[in-house]
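Take a look at the structure below.
Here is how names work: the chains are called A, B, and so on, in the same order as the sequence lines, proteins then strands, and each is numbered from 1.
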Amino acid sequence: MKKIVTRFPPSPSGYLHVGGARTALFNWLYARRMKGTFVLRIEDTDVRRSTTASVDAIFEALEWLGIDWDEGPFYQSKRFDIYKEYIQKLLDSGHAYYCTCSPEQLEVMRKTAMATDGKVKYDGTCREKGLGKTENAVVRFKAPLTGTTVLHDVIKKNIVFQNSELDDFIIQRSDGTPTYNLAVVVDDITMGINTVIRGDDHVSNTPKQILLYKALGSPVPDFGHVPMVLGKDRSRLSKRHGAMSVTAYRDMGYLPDAVLNYLVRLGWSFGDQEFFTKAELIEKFNLENIGRSAGVFDKDKLLALNADHIKATPPDQLAKHLIPFLKERGVNAEEGEFLESVIKTLNKRSKTLLEMAEGAIFYYVDDFSYEEKAAKLFFKPGVLDMLKLLTEQLEQTEDFSEKNLETVFESFIETTGLKFGKIAQPLRSALTGKTVSPGIFEVLEVLGKDRTISRLNKAVQFIMSK
RNA sequence: GGUCCCAUCGUCUAGUGGUUUAGGACGUCGGCCUCUCACGCCGGUAACACGGGUUCGAAUCCCGUUGGGAUCACCA
């Protein structure tokens, strides 16, 4: 059985968006699953639109997702000699010819075609002229006029194209640089790529590429065209659909594995299973279960999945991801037991790391101010005595474990005759400044005795000064 | 407009001729739990685009219609 070689070939003209990440993921997963090779190639033949900033952004996104590559990154811009060589081969074998039709002429033809029968095709003016190389000449591929070219797609099954619909597309621009279809084919041939998984939007290019493979006498790889990812309005995903860059999700507090999980499940399924760890994905991913219809990107489902991944990730691992978010909020938390205990109180109530970081601040910061709602609702003169009494009680308590605290409060309820809610809510506001927080015993335990007492005293002062 | 692709709840999907009163998840609605918010649990809502065939039998196969998407560059 042959060794699978897949690739991801982004063009560096912007950040890596979720659609691109998904095709990268499919290729990566398939290579990993089949114990094959995954190649990264930067398609920067269009010098005007490619930037190194985009290249870096793509690396950054891929690394964050945990998608690593075995070979590359290769840059097409450094391979122009190879393309020239192959173009010459095509010229020599009669599969290509020089064309001197000007862009303006072509534009006119295109306009007319669109307006009349809708068939936009190069008319073959230079096809049989046998022109030599001249200034500003482009090289066109001499495509067959009759017959059919069939694409045996592993996802979409067979797609038949009439060669009469294809035209003599340009393979070398007038400035001597290769055009996309030529460059991909040459790269895929020379890099030994035998499995091409890519977006649906490439199917119409595929017959041209197949023809190129044949003209070059190279074996045609397996193609698999995955359906597009659509926006809420069912049109192709774009900026106006909101945050689409992978790193934007990182910054919003998503876990890379959650994003991975969501992206794969959008278009691929494994029975009824919704939650997958990265290891499970590598173990279970296949091409057969990729669907044939386009899918709408659903932020709510991603969010729910992120919450699931947060719950499933061990606190010590979550800590690494959370620390940067705390730092942004001025909290210099360190990995360790304390942070982990903080996380344990928050992981079931946070859908994102950002949310978790917000919820964790009060554990670290002592001089917080009270939320208006908290002060108004729970810091009434009537609670003063209770709070004072409770402070005394807690001062005498040495064991601040959740379990022991519960019994302490039980007896406190008995002696005061108060409802638990009447105690817990003011206490919560005193300790956190807010009306919502993790369970009160959890908060007490994590905060510890000293901080609890001082925050209680501060609250008492606050109420008296009102 | 030409070419190509697609079509199950609002969304992602399971389903590959009978085991289906079409299953799961997200969302949504109601309830339980409860110290707040969550989590969790229980329950409800909601789909085979339409029309013809084929067949004893069709969400599953075929054809057409409609609808949606992609693509038509000296971009990738």
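- Using atom C1' as the reference point in both U11(B) and A46(B), the two lie 12 Å apart (nearest Å).
- In this structure, Arg110(A) does not reach the C72(B) phosphate: none of its side-chain N or O atoms is under 4.0 Å from OP1 or OP2.
- C41(B) sits 49 Å from U54(B) when the P atoms are compared, rounded to a whole Å.
- Of the candidates G10(B), C5(B), U36(B), G10(B) carries the atom nearest the Asp298(A) side chain, counting heavy atoms from C-beta on.
- In the set C6(B), C12(B), A76(B), C6(B) carries the atom at the smallest distance from any side-chain atom of Lys156(A).
- Geometrically, Arg41(A) does not engage Tyr75(A) in a cation-pi contact, judged by NZ or CZ lying under 6.0 Å from the ring centre and within 45° of the ring axis.
- Note on Lys311(A): only backbone sugar-phosphate atoms sit closer than 4.0 angstrom, heavy atoms only; bases stay farther off.
- Thr45(A) comes within 4.0 angstrom of the backbone, heavy atoms only, and of no base.
- As judged by a 4.0 angstrom heavy-atom cut-off over every strand, Ser293(A) is placed among residues touching the sugar-phosphate backbone only.
- Using a 4.0 Å heavy-atom cutoff across all strands shown, Gly295(A) reaches sugar-phosphate atoms only and no base atom.
- Asp168(A) places its CG atom 15 Å from the C1' atom of A73(B), with the value rounded to the nearest Å.
- Heavy atoms of Ile440(A) sit under 4.0 angstrom from at least one base atom.
- Rounded to whole Å, atom C1' of C74(B) lies 14 Å from atom CD of Glu135(A).
- In this structure, Glu274(A) reaches the bases: a heavy-atom distance under 4.0 Å links it to at least one base atom across the strands shown.
- Aromatic pair Tyr370(A)/Phe462(A): ring centres closer than 6.0 Å.
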